[in-house]
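Computed from a prediction, not measured in an experiment: that's the story for all the values here. Residues: numbered from 1 along the sequence shown.
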Amino acid sequence: MKDSRYIAQPGFTDTGMIFKFVQKSNEFIHTFAEGELLYRLGFNREDIVGKTLHDFYWDDIDTANLLNGYYKKAWEGQYIEYESKFRGVYYVIYLRPLFHKDKVAEVVGTCVEITNKKIMEEDILQKEQEQKLMNSYAFQRSLIDRLDSGIAVTDCNKKIRLLNRKFYDLFQLKGEIDCHIGMHASDLHYLFDKEINKIKLENTEKRTRTPKEIKIDTGMTLRYNCFPLNNEENDFVGYLWEFEDITEQKKMERVIIQAKEEAEKVNMAKSSFLSKMSHELRTPLNGILGFAQLLEMDESLNEQQRDFVQEILSGGSHLLSLINDILDVSRIETGNLKISVEEVHLLTVIKECINIVQPLAKKKNISIYSQLDQWEDMIVLADPIRLKQILLNLLDNAIKYNQENGKVIVFCRLQENKQYIHIVDTGVGFSVEEYTKVFVPFYRIESTKEEGTGIGLSLVKQLVHLMGGEINVTSNKGTGSEFCFSLPLPNDLKTVIQWGEQTEFPPTNNRREDNYRLLYIEDNESNLHLVSNIIKSQPSYTLLSARTGKEGIEIVANEKIDLVLLDINLPDINGYEIFEILKAGRETKDIAVIAVSANAMPKDIQYTLDKGFDNYLTKPIHVQEFLTILSETLNNTINQNIPDHKILSTGPHGEEAVSAKTLRLSLKELKKIKKKKYKAAIAMHYTRSDWSRSQLEGMQTTFEKMGIEVVAVTNAEFKWKKQVADIESILAKKPDILVSIPVDPELTANVYQKAAQAGVKLVFMDNTPNGLQHGKDYVSIVSADNYGNGIESANIMAEKLDRKGKVGIIYHDADFFATKQRTEAFEKTIKEKYPNIQIVDRRGITDSNDGEKVASAMIAEHQDLNGIFVVWDIPAEGALRATRTAKKSNLVITTVDLGMNVALEIAQDGSIKGLGAQLPYQQGVAEAILAGYALLGKQAPPYVAVPSLKVMKENIIDAWQLVYHEDAPDIIQSVAKSRNAREKGEQQDESIDRRR
């Protein structure tokens with residue numbers, strides 16, 4: 001029975017055993033058992049009657065729960081069939097409910113033995129496998145002969161056991177291939193003996209093998225590698241050798257190296273010439289511009305003479321600018337241009353540059369628009385002089401290549417701890433093919449009439465790179481161009497709290513602020529001594545050390561550790577094993593871990609990072625790089641796999657949605673909030689649903705990271721009067737923040753108004769009270785993308801109905817914008833996208849418990865109904881009960897919200913086929929961050945939304961983890977696993993039938 005798997009809901013045939021059961025006190029009790037199969041399985045009647053499934057499976061709870069689920073389905077009125085195996089006997093069980101007064105009174109189980117059928121199927125499968133093995137050797141030989149690499153296999157005695165045609169050709173062997181099988185490998189080449197001895201040494205020292213090169217007698221250069229071979233019992237049986245002809249590649253490498261060296265010499269000579277020429281030109285130019293300026297001051301000059309002087313000054317200034325650019329380019333190429341990076345107030349520099357180019361813009365009637373209000377306090381890391389040079393160059397181009405009466409727009413955005421500056425123009429533009437060319441020195445845009453040297457953008461790109469940024473461009477001919485470059489942020493302005501992300505923060509105990517505790521697990525005393533001395537120079541770090549992996553694990557378990565420096569090759573436990581132990585522990589899984597190793601091979605570094613290490617340091621340690629990586633790792637954010645869908649919902653008052661992904665708090669902002677020791681309260685409409693519990697966890701976890709105390713969490717139980725009383729009690733605690741979902745937008749409005757007037761910062765979820773205004777009375781409203789979830793439900797319904805049929809809708813009959821948008825989206829999608837699906841009924845509910853009653857009435861009136869959309873999961877459970885009562889097992893249900901019961905139904909491929917899920921945990925995180933915005937005085941958008949998520953049986957396990965920030969319950973995982981096994985078995989059966 002432990003191999004049981006769910007099959008279907010069928011009819012009935014012959015019997016080998018009959019049993020019955022009834023339900024008492026939520027347990028299924030067997031009341032009868034008889035038949036030949038009963039005794040064949042080794043049971044008597046007394047072993048079955050009066051017992052429950054858990055009595056049989058007291059040592060296997062998963063199997064008991066799985067079978068109990070089948071019993072439960074039968075007790076709910078379904079005809080069930082499943083297949084099982086016990087003590088070598090295969091059989092099928094059919095469960096048939098018996099009704100009395102429209103209720104199930106007992107369930108009859110019928111068993112049929114199918115052992116012979118199973119044995120026949122296994123025999124057929126075995127013969128097929130034997131035939132495959134017979135073809136395998138010929139296939140493998142043909143396969144390795146097609147490889148481009150030479151392959152040879154030697155046994156423990158260094159004798160050749162297999163080789164392919166390529167190996168034969170590379171070593172120019174004579175005779176048939178098979179005549180070389182059994183020869184000693186060293187008879188073919190001396191390297192076999194030499195390399196096997198090296199491999200034994202490397203295995204002893206646990207060193208990683210790397211490919212090597214050798215030149216053989218034929219004049220070819222080969223790259224080769226050798227790998228030990230083990231059998232299924234992990235016993236050593238020989239070596240696999242791989243050879244690759246790299247003769248031509250080595251020739252090409254020599255040519256490339258020679259060409260590179262010559263190009264570098266030419267480039268250095270050119271840069272040196274440009275540098276000297278620029279300096280030589282500046283001397284006479286100094287005299288030209290100086291005397292021209294003196295002439296400009298001479299009041300005796302007439303108008304024509306003044307024009308001549310202005311031409312001299314204009315031409316001389318342009319030539320000076322060109323010389324400066326050439327000099328900068330040559331300095332960059334020779335590595336002599338030094339920049340001084342410091343914290344720069346970005347908005348001040350941008351405004352200054354706009355003011356400088358404003359007169360030039362007015363001459364062409366070009367308007368400059370800046371959208372920079374929200375970046376008033378933005379600080380970036382840059383060389384202020386070079387940043388000004390970059391901005392002036394880009395702004396000058398945006399004006400120069402613009403059209404008469406055109407526009408230039410300057411705006412910024414923050415993303416992934418970098419500030420991006422955009423400069424957009426409505427000018428002539430250029431083609432996609434020129435995107436990279438415009439940054440090449442002396443390149444001029446095709447068909448342009450404007451004067452220029454083509455040096456400016458090349459210099460801009462190199463200056464941006466020197467300051468740690470990137471630059472790119474998009475353009476369309478005739479409509480304009482957009483240049484965008486990035487600049488890094490200071491560490492204390494990097495994002496440390498962001499929607500959809502997790503971060504490690506400085507510890508909040510009695511240690512001084514910004515003090516991090518590091519643990520170095522290393523067995524080499526010299527390395528420990530070096531790192532200890534480096535850390536001594538850093539007052540914000542405290543270093544602990546361990547000489548073995550076991551000692552390190554004990555320290556982590558008993559001490560507060562922020563970061564572990566982990567040597568990979570330790571004497572007792574492999575570094576990767578220690579990493580797995582740390583990540584498996586509840587208290588240690590979030591500790592940052594940096595690998596420290598002498599192994600600098602790229603593939604090994606990538607392998608380590610892919611396992612989840614936060615960073616990788618190679619020995620010998622470079623001190624500055626070491627400290628930089630420590631700082632970045634301790635202050636960086638860790639991204640989650642959060643859907644990045646377009647938000648389709650609008651707010652309750654038609655507000656445009658802003659994605660929760662844009663919300664973030666920097667370390668500097670976090671410190672400000674923590675110093676104030678703020679208090680928050682949460683007033684919920686209901687707290688006993690999975691959605692509410694997850695959202696509360698997201699809020700409370702984030703408030704804790706922000707140093708905000710949660711002084712109250714209340715449950716109104718969907719009663720507006722209780723919610724008013726709850727909030728009155730909360731206000732007596734004088735919180736700084738109140739996060740709430742109004743039960744009734746009208747009847748609760750006064751108490752929320754009272755809270756706002758008392759100075760409490762209000763953040764709403766899913767709805768707003770009537771009469772309150774954004775910015776004045778409340779901070780923001782956060783919801784799921786309800787419209788998007790409605791669309792997902794409609795698409796699932798259409799997919800499962802094969803795009804045709806009749807459906808009904810059970811909607812929320814209340815003034816609640818979230819549920820309204822779900823219903824509206826479902827209806828609109830069905831009507832516009834699926835014309836062959838007809839909506840034949842719409843019925844409203846005001847109570848979540850009315851789902852069964854309304855669905856029953858809908859099914860009774862429309863006997864040919866194919867599907868029902870229910871606006872959220874609790875009434876959807878009622879609709880599910882209605883379909884079972886009406887014996888409409890083929891009726892499709894879709895909904896919104898991933899609750900426990902609907903998730904279980906989806907996992908077992910029941911009537912509820914899928915849904916659009918909210919992300920309540922992430923919504924809670926967003927609400928807490930917006931509260932932080934209010935406390936800091938930051939401008940918050942009126943409406944923020946969290947992306948929708950499509951959930952079906954295929955992704956139910958991953959979806960649960962994403963929605964609730966925890967693994968799916970065991971029962972859901974067990975049912976999903978059983979369904980997958982059943983479907984796989986059905987596919988195999990179909991494959992066997994086709995072969996027959």
Side-chain angles (χ1 to χ4, degrees), residues 76-78 102-104 685-686 688-691 717-720 743-744 766-767 786-787 789-794 796-798 800-801 805-831 834 837-906 910-918:
E76 291 171 346
Q78 297 187 44
D102 295 330
K103 289 188 177 179
V104 176
H685 62 325
Y686 186 67
R688 285 194 281 271
S689 68
D690 296 323
W691 181 88
E717 297 177 350
F718 290 108
K719 299 173 183 176
W720 73 268
V743 171
D744 186 297
D766 281 12
N767 211 359
N786 290 290
Y787 201 92
N789 281 324
I791 290 174
E792 298 289 11
S793 294
I796 295 168
M797 177 71 75
K800 294 302 177 181
L801 294 183
K806 296 180 179 180
V807 300
I809 293 174
I810 298 178
Y811 64 91
H812 187 202
D813 192 8
D815 183 19
F816 200 75
F817 100 97
T819 51
K820 277 184 176 179
Q821 287 203 339
R822 298 175 190 175
T823 307
E824 179 188 341
F826 181 89
E827 288 191 73
K828 188 174 182 183
T829 303
I830 292 294
K831 290 177 180 177
Y834 306 106
I837 297 179
Q838 184 182 358
I839 298 174
V840 297
D841 203 346
R842 295 180 83 261
R843 303 191 184 214
I845 57 171
T846 56
D847 190 311
S848 60
N849 296 318
D850 290 341
E852 183 174 6
K853 179 176 66 177
V854 172
S856 295
M858 188 180 289
I859 293 169
E861 185 172 333
H862 303 279
Q863 288 295 315
D864 57 349
L865 197 66
N866 304 111
I868 301 176
F869 167 70
V870 190
V871 73
W872 78 90
D873 65 316
I874 296 176
E877 294 175 24
L880 178 63
R881 290 191 292 272
T883 62
R884 290 170 176 170
T885 302
K887 300 180 182 178
K888 295 278 189 179
S889 59
N890 292 328
L891 194 145
V892 174
I893 299 173
T894 63
T895 185
V896 175
D897 288 349
L898 185 66
M900 174 70 177
N901 293 328
V902 297
L904 189 58
E905 185 72 9
I906 292 171
S911 294
I912 300 178
K913 296 299 183 183
L915 52 83
Q918 303 187 70

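Closest heavy-atom contact between Val896 and Ser793: CG2-OG, 3.7 Å. In terms of heavy-atom proximity, Ala794 sits nearest to Tyr834 at O-CE1, 4.2 Å. Residues Ile906 and Gly914 share a closest heavy-atom pair of CD1-CA, 3.9 Å. Across Ala879 and Val870, no two heavy atoms sit closer than the pair CB-CG2, 3.9 Å. Of all heavy-atom pairs between Gly916 and Glu792, the closest is CA-CB, 4.1 Å. Between Met797 and Phe869 the shortest heavy-atom distance is CE-N, 4.0 Å.
Between Phe718 and Tyr686, the ring planes lie parallel to each other; the angle is under 30°, not in the 30° to 60° tilted range.
A donor-acceptor contact shorter than 3.5 Å links the side chain of Lys913 to the backbone of Gly910. The backbone N or O of Ser911 sits less than 3.5 Å from a side-chain atom of Glu905, completing a donor-acceptor pair.
Looking at Lys888 and Gln863, their side chains come closer than 4.5 Å, going by heavy atoms from C-beta outward. Two residues are said to be in side-chain contact when any heavy atoms from C-beta on lie closer than 4.5 Å; Ile809 and Ile830 fail this criterion. A heavy-atom distance below 4.5 Å is found between the side chains of Glu877 and Val902. When side chains are defined from C-beta on, Asn767 counts as touching Phe817, because their heavy atoms get closer than 4.5 Å. Two residues are said to be in side-chain contact when any heavy atoms from C-beta on lie closer than 4.5 Å; Arg842 and Thr823 meet this criterion. You'll find the side chain of Gln918 reaches within 4.5 Å of the side chain of Asp766, heavy atoms only.
His812 contributes atom NE2, which lies 10.0 Å from atom CG of Asp850 (distance to the nearest 0.5 angstrom). Rounding to the nearest 0.5 Å places CG of Asp841 at 5.5 Å from CD of Glu861. Separating the CZ atom in Arg884 from the CD atom in Glu852 is a distance of 10.5 Å, to the nearest 0.5 Å. In this structure, OG1 on Thr885 lies 8.5 Å from CD1 on Ile859, to the nearest 0.5 angstrom. Atom CD1 of residue Ile868 and atom OG1 of residue Thr895 lie 11.0 Å apart, to the nearest 0.5 angstrom. Atom NE2 of His862 sits about 12.0 Å away from atom CG of Leu891, to the nearest 0.5 Å.
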For Ile796 and Leu915, run side chain to side chain contact (heavy atoms under 4.5 Å, CB included): C-alpha distance rounded to whole Å, both residues' side-chain angles, the deciding distance at 0.1 Å, then the answer. CA-CA 7 Å; Ile796 295 168; Leu915 52 83; 5.6 Å; no

Side chain to side chain contact (heavy atoms under 4.5 Å, CB included) between Asn901 and Leu880, worked out: CA-CA 10 Å; Asn901 293 328; Leu880 178 63; over 6 Å; no

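A salt bridge links Arg688 with Glu717: the closest approach of a Lys/Arg side-chain nitrogen to an acidic carboxylate oxygen falls below 4.0 angstrom.
Using modelled atom types, one finds a donor on one side chain and an acceptor on the other under 3.5 Å when comparing Asn786 with Arg822.
Counting only residues at least two apart or in different chains, side-chain hydrogen bond (donor to acceptor under 3.5 Å, both in side chains) contacts with residues 864-874 comprise Lys806-Asp864.
Few gaps surround NZ on Lys800; more than 12 heavy atoms of other groups in view lie less than 6.0 Å from it.
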